[in-house]
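Below: the structure, in structure tokens.
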Amino acid sequence: MVIIINAKKNSRIYVIFAVSAIFLLFLAISVEAGRRRGGGGGSPPPPPPCPIQSAGCYKAGDIKASFGELATSDFRYYLSENKCKRSGGCDCRGVPDNIPQETNPDDSSGACNCISGTDWNAKAKCCGDDAEDCGRISSGVLCSIDANAESSQWLPSTPNLGDIRYVGCSRLEYLSDGNNWLKCEGTFWKKTVGNSEYMCIGRGRESIVECCGDGSCKSRVDGKRLSTGQSVNPEKFENEAASTFKFGATTTQDCKIVKKTGCTDFKDCEGMSFFDFQCAIRQVCSETGQPISGFVTLQGKTPAPKGSICTPTQVYDCEKEVCTTITGNVVADQITANAVSTSDTKTYYCRSDRKFVTDLDVPTSLAKDRTLIGRNAATCEKAGLTWTGTKCCSEDDDKEEYYNDPAGKGGCFDKKPVISVAFVEGTDDSVVNFNGEFHGCVIEKQNFNTKNDDFLGLSDRHTGAQLITNHDYCFNDPGKNYFCSYTEKWLPTDGTDKSHVSFAPVQNAKQPADCCAADECWDGEKCIENMKLDPLAKPIGNDSRCIDGEWTNSQLKTTVDEGASGFCPKSSQCLLNVFGKDEQNQCVDSGSYVSDNYCENGIWTSRTKLLALRLLKLKSNDYTLFCDTRDNALNNLQYLTDSNEIVANTLSNLQTNNFCILKTGNKIVAATSINKALEDVPANSLNIFGVTSCDSALVDDGQYHSCDATNKAWFNKELKSFIYSANAISIPSESNQSSSFEEFLGSPIKNIINSIKRLISNPPFDESYLKGIKKFDKLYMSQQGSKTIRGSLEGAKFKNTVIEYTSFDTDICSLVEQFSIAKKDASSGISCKKEGSNYYVLVQGSQFTTINPESIWTDLTSKLRIK
């Protein structure tokens with residue numbers, strides 16, 4: 001009896017027991033001897049014993065070998081137990097003679113163990129006995145043979161979930177999904193095993209890649225393991241050369257690509273099984289077998305192509321590599337050839353959740369998914385890229401990437417991150433990123449920066465909208481840190497207001513314009529302060545002053561007393577006080593008045609002039625109008641009013657200004673303005689105008705209204721002016737108080753001045769009279785038949801008087817000469833010129849000269865009696 005114990009591959013222990021055979025042999029000899037001694041016709045001798053072949057491994061010539069000693073080519077058979085080799089009349093003596101020779105290593109574990117370097121599995125049989133075993137997968141176990149066919153091993157998939165193993169004989173890697181092994185042989189695939197994703201990116205070592213993320217890896221031996229942020233690109237993977245596994249010179253593994261199309265089941269595609277990842281799904285019409293496109297709904301139920309009735313069905317197009325092996329002696333061989341490549345050119349990043357992704361940008365629709373943002377951000381940054389808030393700049397596969405990341409910390413410009421607040425390189429500071437969005441500074445302009453003209457054509461990769469938001473000059477970022485300058489660059493505000501574009505008022509300025517504060521102006525080199533509250537600030541350029549951020553043409557003005565000159569913010573304003581503490585005390589608007597002085601479109605005139613114009617509209621053919629101080633215009637101021645008040649006192653209480661007296665026909669009309677509000681005037685003071693109340697005239701519409709039913713006294717609340725007469729009069733409404741100025745005063749006085757200038761080539765002192773008659777607060781105009789006297793006296797300190805006498809027979813110049821001879825000095829004088837029957841007089845001087853125009857004013861006007 002022979003017992004063979006296989007304790008381990010390549011190690012065999014033989015134990016032979018022959019006790020029973022020896023015992024039987026001696027027993028037979030003893031019996032035969034006894035028979036012979038008994039005598040008498042003995043039995044024939046027994047048959048000889050048959051040869052016994054012991055169990056074990058055998059090579060050619062029935063030469064026995066130890067377990068694990070034989071090469072595949074040397075192995076002939078295996079006997080599982082002793083075998084009797086019966087021949088002739090030999091006796092097997094109980095040893096079986098029907099023990100089969102196991103010639104295939106897959107027949108049993110014993111046969112498998114005869115061959116060096118093999119491994120046995122009850123279901124998958126022998127691994128390593130022939131070339132077909134290389135990388136063979138059976139019942140969930142993988143036959144792994146090294147490149148030199150020296151050792152083999154069955155690798156079960158179940159306990160190796162997620163593990164990657166490199167098989168040397170095939171030069172391929174395999175992935176265990178816990179039930180089976182997936183081969184990676186150059187065709188790209190991506191699988192999820194457990195919680196990790198794996199990819200096949202080529203063939204050979206490290207062709208299977210596991211994404212481990214932030215956790216531990218499932219694979220331990222072979223393959224490649226990536227943590228968060230690491231990446232692979234199948235196109236850049238350096239594959240190993242393809243190899244075959246053959247036996248001897250005559251044994252090869254013949255591999256070819258098998259394609260099947262139109263299969264109804266990929267698991268049994270025309271008799272050949274495929275994996276799902278080796279097949280693609282498409283839809284065809286079951287009636288025609290043609291591809292389906294352009295679906296419409298047929299009778300509300302069945303989707304079908306237009307114009308036909310068709311039942312859609314799914315079919316599979318499958319493709320895989322099939323290899324056929326010719327058995328023989330095992331020899332590993334490498335075929336020198338180009339490595340198998342994949343068509344996938346994307347870069348795959350391992351994300352923290354163990355998933356492979358090619359795009360780390362979070363879509364706008366998921367911008368509030370904080371978990372996704374956290375995963376992608378960590379992956380982006382660990383990949384050495386820049387996270388801008390919801391997106392990553394810039395993954396390997398992103399070509400010329402441009403995007404905004406609103407409310408983020410930056411954006412991406414041509415694959416380069418630009419973090420807020422920063423300028424885009426190469427734009428000469430004309431493009432900046434504010435809070436994740438790109439902003440341009442007047443990119444369309446070409447005055448300075450011509451390199452940025454094409455940037456407005458760039459589009460946001462994710463939205464398709466224009467990438468850069470363009471801004472006009474002096475736009476400030478929300479934080480007021482930068483502004484868009486006239487030079488088409490973003491410049492720091494340095495904490496100042498730069499929101500207003502201002503152009504210099506001068507030609508050939510160093511810089512035509514730039515940004516200043518809202519109330520400042522650009523003078524060509526710098527921003528200058530608002531001149532509005534500085535009447536003494538001189539203009540630049542074409543009489544331009546900076547008023548509230550705008551260059552305003554300003555003309556020099558004088559104060560009411562002509563004591564100072566300066567400027568006002570508006571040309572329609574009049575200068576009041578160059579040292580006033582605020583605008584109201586420096587300049588007044590047109591229509592305003594101070595005492596009798598009235599501002600009319602930027603020129604100081606008088607309320608007396610306005611009264612004179614109203615009275616002149618009431619005149620008839622012969623008339624006399626005299627406007628002067630109340631002392632000169634009124635003959636007697638010491639009589640009592642009806643309330644027993646002295647007239648002089650009443651007028652002082654009313655704070656009256658100059659008076660105008662019109663005598664026309666048998667009617668006398670007087671007018672004056674007051675400086676006190678009528679509501680503050682005692683009722684008895686109105687007796688001087690012949691009324692006891694004037695409340696009905698307190699209508700603030702700029703017109704004259706009658707104080708009572710007598711229509712003797714009329715009051716204009718806006719101008720605080722009275723017109724009154726002893727008889728009833730009518731003062732019609734007028735839309736423009738100065739509408740008749742040119743007719744009654746402007747042209748007549750201007751003609752007088754022009755005549756004097758023409759006739760008196762050498763004025764007594766200077767030519768100030770040419771522009772000195774503006775207020776008309778002292779005026780005399782008289783017409784009696786064909787004779788007229790018209791003149792005006794004006795001046796705060798130095799005074800000018802111009803008078804015209806027409807159609808006079810009296811020698812006016814002789815009278816005037818009397819004043820000139822007696823009182824003429826270097827700073828004053830009087831001149832008279834006759835032209836036909838007309839006389840023109842010019843008097844110049846002051847209260848400090850020998851000739852004072854004011855002292856002889858009445859002598860030359862109201863005291864004359866026209867005959």
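Atom set for the values below is all heavy atoms of this structure, side chains included, hydrogens, waters and symmetry mates excluded.
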Approximate separation, where rounding is to 0.5 Å, of H439 NE2 and H471 NE2:
4.5 Å
Does a donor on one side chain sit under 3.5 Å from an acceptor on the other, for E210 and S219?
yes
Tell me yes or no: between the side chains of T552 and S554, is some donor less than 3.5 Å from an acceptor?
no
Pairs under 3.5 angstrom only: tabulate donor-acceptor contacts from the side chains of residues 571-580 to other protein residues two or more places apart or in another chain.
residue : atom : partner : partner atom : Å
Q573    : OE1  : K570    : N            : 3.1
Q573    : NE2  : D589    : OD1          : 2.7
N577    : OD1  : F579    : N            : 2.9

Only pairs under 3.5 Å count here: list side-chain donor-acceptor contacts from residues 371-380, not counting sequence neighbours, and write none if there are none.
residue : atom : partner : partner atom : Å
R375    : NH1  : D353    : OD2          : 3.3
N376    : OD1  : R351    : NH1          : 3.2
N376    : ND2  : L360    : O            : 2.9
T379    : OG1  : R375    : O            : 2.8

Salt bridge (charged side-chain N to carboxylate O under 4.0 Å, His left out) with E401: which residues, sequence neighbours excluded?
R461
Test of understanding: with ring pair (Phe, Tyr, Trp, His ring centres under 6.0 Å), list the residues that count as partners of Y174, not counting sequence neighbours.
none
Once ring pair (Phe, Tyr, Trp, His ring centres under 6.0 Å) is applied, do any residues pair with Y198, and if so which ones, sequence neighbours excluded?
none
If the test is ring pair (Phe, Tyr, Trp, His ring centres under 6.0 Å), which one of F356, Y348, F237 qualifies with F188?
Y348
Using the six-membered ring wherever Trp is involved, compare the ring planes of F413 and F455 and label them parallel, tilted or perpendicular (cut-offs 30° and 60°).
perpendicular
Any pair counted as disulfide bond (SG atoms under 2.5 Å apart), so long as it reaches residues 425-455, sequence neighbours left out:
C441-C484
Does a sphere of radius 6.0 Å around NZ in K355 hold more than 12 heavy atoms from other residues, nucleotides or ligands, not counting ones at 6.0 Å or beyond?
yes
Any carboxylate oxygen within less than 4.0 angstrom of a Lys/Arg side-chain nitrogen, looking at D317 and R282?
yes
